[in-house]
Structure formats: C-alpha cells, structure tokens
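Numbering starts at 1 and runs along the sequence shown.
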Amino acid sequence: MSVDDDGGTDDFLAERSRMTAEPDGDPDSDETECSPEGDLGGNAVGSGRDGRRSESQPDESQSGETPLEASPPHVGAGLLDEDMGPSSAMAHLYRGELHRMKLWRERLDRTTNWGVVVIAALLTWAFTSPNNPHYIILVGVATLSVFLVIESRRYRGYDIWRTRVRTIQENVWAYGLDPEGGLADEEWRERLGDDYRSPTLKITAEEAIAHRLRRVYLPLFAILLAAWLIRTTAFSSDPWPAAAAIGMVPGTVVLLTVGAFYVAAIGIACRPRTWHAKGELRSEDLRKRR
C-alpha cells in the first residue's frame with residue numbers, strides 16, 4: 001500500500017492501534033452507561049450489562065430466607081437503647097390509646113358537670129320561697145340518679161381504654177426503664193392481642209356505679225338529702241314527718257322510700273368486693289412508699 005501526500009495511511013494505522021489498546025469496559029464509553037433498568041434491577045443485585053441477574057449472586061426471594069430477625073420475646077427489651085426495635089409503632093399505639101382514654105375521661109367529667117348544675121338550680125329554686133314545694137329536691141335526686149346511670153355506662157367504656165394504657169405502661173415503658181423489675185404480666189401480649197381482636201367490657205355495671213358513687217355522687221346525694229330535711233323541717237309549718245307528704249302520698253311513705261334509696265346507694269358503694277377496674281386509685285393505693 002502506498003502512502004499518499006497527506007499521510008492518510010499513517011493516521012489510519014495510528015488510530016487503529018489506539019482503538020485496539022483501549023479496554024473493552026471503558027467507563028467513559030457510551031456502552032457502559034447505566035440504564036434505568038440497570039440502576040433499579042441489574043446493578044442493585046449484581047446483574048451484567050445486558051440486565052440479566054448474575055448467576056454467582058444468590059436470589060434471596062428464591063432462597064426462602066428473610067433478612068429480618070425474629071422479634072424479641074419482650075418488646076420492652078432495649079426500648080431505651082439505640083436499637084429501638086418496634087418501639088416507634090408501640091409509641092404511636094400508646095399515644096392513640098392515651099388520646100382515646102382522655103376523650104372518655106372528658107365525657108365522664110361532662111356528666112358530672114351537668115349533675116352539679118342541675119342540683120344547684122333546683123336547690124336555688126326550692127329555697128327561694130316557702131311556698132315552693134319541697135319535692136322539687138327529690139326530683140333533683142331522681143335526675144342525679146339518671147346522670148349516675150349514664151356516667152356508669154361511660155365509665156365502663158372508659159375502663160376499656162384505660163386498661164390498655166395501663167397494660168402498655170406496666171409491661172413496655174416500665175420494663176424499658178427498669179428491666180430488672182420484670183414484667184407485671186408475662187402473658188400481656190396475648191391478653192392485649194385478644195382485646196384488640198374482640199374488645200369487651202371489663203367491669204360490671206354494679207362496679208361502675210360503685211366507683212362513681214364513691215368518687216362523686218355520694219357527696220352530691222348527701223347534699224340533696226340534707227337540703228330536703230332542712231326544707232321539710234325548718235321551712236315548713238307542718239309537723240314532721242307529715243311535712244314530707246307529696247299530695248296523697250303520706251309523709252311516712254315518702255320518708256321510707258327516700259331512706260331505702262340512700263341505704264341501697266351506700267350498700268352498693270361500700271360493700272366488700274373484688275375490684276376489676278384497671279389502675280383505679282383507691283384509698284389503700286394512695287399510701288406513700290417509704
């Protein structure tokens with residue numbers, strides 16, 4: 001082959017030898033640029049340039065092995081360490097149950113406020129004039145009894161959420177803060193799981209009424225009783241118990257009915273029983289720890 005005047009043959013041979021010396025997998029070449037499929041699939045799992053999975057790398061989806069470790073038997077373990085485990089989900093669960101318990105607590109207070117306002121209005125009207133009938137105070141007793149029944153039903157619902165909150169506090173947060181104290185209930189996971197699957201009322205209606213009587217309603221009933229006795233004695237010209245009469249009903253019958261009601265209320269509130277309400281503060285639980 002002859003060499004022309006421009007030296008084209010020499011340039012051709014030099015270019016050919018340069019291309020032969022360059023490696024096949026030059027990172028600057030266009031052929032080795034990662035495609036979107038390669039970024040998402042091939043390079044992530046060790047695939048070649050044609051996007052197929054490399055045979056030298058095991059397929060985790062086919063091996064049946066999961067990279068996640070088994071959850072610890074006690075979710076409270078390591079709660080305050082760097083490895084939080086499932087504590088974030090438990091924190092959200094606890095916050096939700098605490099908010100729900102707060103709402104039901106407010107419903108209980110609202111019923112009590114209604115009762116206080118009603119009896120204050122009735123007592124004010126009953127003592128405004130001697131001509132006003134005394135039995136308006138007994139109407140207040142009946143109204144307060146209705147509020148007591150409503151509040152006891154709300155208390156049974158409130159106890160559901162408070163039971164869950166106390167279970168998490170005793171077995172997660174207390175255990176995470178002080179693991180040496182142990183768990184309050186070794187089977188708390190099963191109990192809490194069953195409660196989430198099928199929520200049920202934890203206390204009876206009679207126990208709920210007893211709780212509300214001891215906390216709020218017995219003092220309110222005592223105020224109404226004292227006001228009724230004063231109204232039928234000091235503010236009445238008729239002898240007692242005739243002054244307690246309501247229309248054709250003799251005063252003795254009215255007195256016995258009122259007495260039976262108060263004896264029943266005191267009996268329900270104070271009789272010995274096994275309390276099932278979770279975390280309820282009672283007098284024996286308020287003693288200071290020494």
List the atom pairs, donor and acceptor, that lie under 3.5 Å between side-chain atoms in residues 263-273 and the rest of the protein, sequence neighbours left out.
{"unit_1": "R271", "atom_1": "NE", "unit_2": "E206", "atom_2": "OE2", "d": "3.0"}
{"unit_1": "R271", "atom_1": "NH2", "unit_2": "E206", "atom_2": "OE1", "d": "3.2"}
{"unit_1": "R273", "atom_1": "NH1", "unit_2": "I268", "atom_2": "O", "d": "3.1"}
{"unit_1": "R273", "atom_1": "NH2", "unit_2": "E206", "atom_2": "OE1", "d": "3.0"}
{"unit_1": "R273", "atom_1": "NH2", "unit_2": "E206", "atom_2": "OE2", "d": "2.4"}
{"unit_1": "R273", "atom_1": "NH2", "unit_2": "I268", "atom_2": "O", "d": "3.1"}

Can you see which heavy atom on I203 is nearest to which on A277, and at what distance?
-> CG2-N, 3.6 Å
Locate the shortest heavy-atom distance separating A208 from S152; write the atom from each residue and the value.
-> CB-O, 3.5 Å
Give every residue pair that meets the salt bridge (Lys or Arg N to Asp or Glu O under 4.0 Å) criterion with at least one member in residues 130-152, sequence neighbours excluded.
-> E151-R212
For the pair I230 and F127, evaluate side chain to side chain contact (heavy atoms under 4.5 Å, CB included) and give the outcome as yes or no after the intermediate values.
-> CA-CA 10 Å; I230 294 173; F127 287 93; 4.2 Å; yes
Listed partners of E190 passing salt bridge (Lys or Arg N to Asp or Glu O under 4.0 Å), at least two apart = none
Is the gap between the ring centers of Y217 and F147 under 6.0 Å?
-> no
Does NZ or CZ of R191 fall inside the cone over W188's six-membered ring, less than 6.0 Å from its centre and within 45° of the axis?
-> no
Please check if any side-chain donor atom of R100 sits under 3.5 Å from a side-chain acceptor atom of Y158, or the reverse.
-> no
Please name the pair of heavy atoms, one in L255 and one in P241, separated by the smallest distance, quoted to 0.1 Å.
-> CD2-CB, 4.2 Å
Roughly how far, to the nearest 0.5 Å, is the CG atom of L218 from the CD1 atom of I223?
-> 11.5 Å
Hey, could you give me the CG/OG1 distance between L220 and T112, rounded to the nearest 0.5 Å?
-> 8.0 Å
Between N113 and D109, is there a donor-acceptor pair closer than 3.5 Å when you use the side chain of the first and the backbone of the second?
-> yes
Do I150 and R153 come close enough that some side-chain heavy atom pair is under 4.5 Å?
-> no
How close do W125 and N132 get, heavy atom to heavy atom, and via which atoms?
-> O-ND2, 2.7 Å
Any L108 side-chain heavy atom under 4.5 Å of V216 side chain = no
With side chains defined as the heavy atoms from C-beta onward, is the minimum distance between L229 and L225 less than 4.5 Å?
-> yes
More than 12 heavy atoms of other residues, nucleotides or ligands under 6.0 Å from CZ of R154: is that the case?
-> yes
CA sep, side-chain torsions, deciding dist, call: Y155, R107, side-chain hydrogen bond (donor to acceptor under 3.5 Å, both in side chains) | CA-CA 9 Å; Y155 184 84; R107 295 186 69 188; over 6 Å; no
Hey, are D159 and R156 close enough for a salt bridge, meaning a charged N less than 4.0 Å from a carboxylate O?
-> no
State which residues pass side-chain contact (heavy atoms from CB on, under 4.5 Å) with K102; sequence neighbours excluded, sorted by chain then number.
-> E106
Any chain of hydrophobic side-chain contacts (each under 4.5 Å) joining W240 to L256?
-> no
Connected via hydrophobic side-chain network under 4.5 Å: V149 and I119 | no
Does any donor atom in the side chain of Q169 or Y94 lie under 3.5 Å from an acceptor atom in the other side chain?
-> yes
Determine the minimum heavy-atom distance between F221 and S145, stating which atoms define it.
-> CZ-OG, 3.6 Å
Between E186 and L183, which heavy-atom pair has the shortest distance, and what is it?
-> OE1-CD1, 3.8 Å
Would you give me the side-chain donor-acceptor pairs under 3.5 Å for residues 134-144, sequence neighbours excluded?
{"unit_1": "H134", "atom_1": "ND1", "unit_2": "W228", "atom_2": "NE1", "d": "3.1"}
{"unit_1": "H134", "atom_1": "NE2", "unit_2": "A243", "atom_2": "O", "d": "3.3"}
{"unit_1": "H134", "atom_1": "NE2", "unit_2": "A245", "atom_2": "O", "d": "3.1"}
{"unit_1": "T143", "atom_1": "OG1", "unit_2": "V139", "atom_2": "O", "d": "2.9"}

What distance do R166 atom CZ and E97 atom CD have between them, rounded to the nearest 0.5 Å?
-> 14.0 Å
With sequence neighbours excluded, tell me which residues meet salt bridge (Lys or Arg N to Asp or Glu O under 4.0 Å) with D195.
-> R164, K202
Hey, what's the ring geometry for H211 with W275, parallel, tilted or perpendicular (30° and 60° as the breaks)?
-> tilted
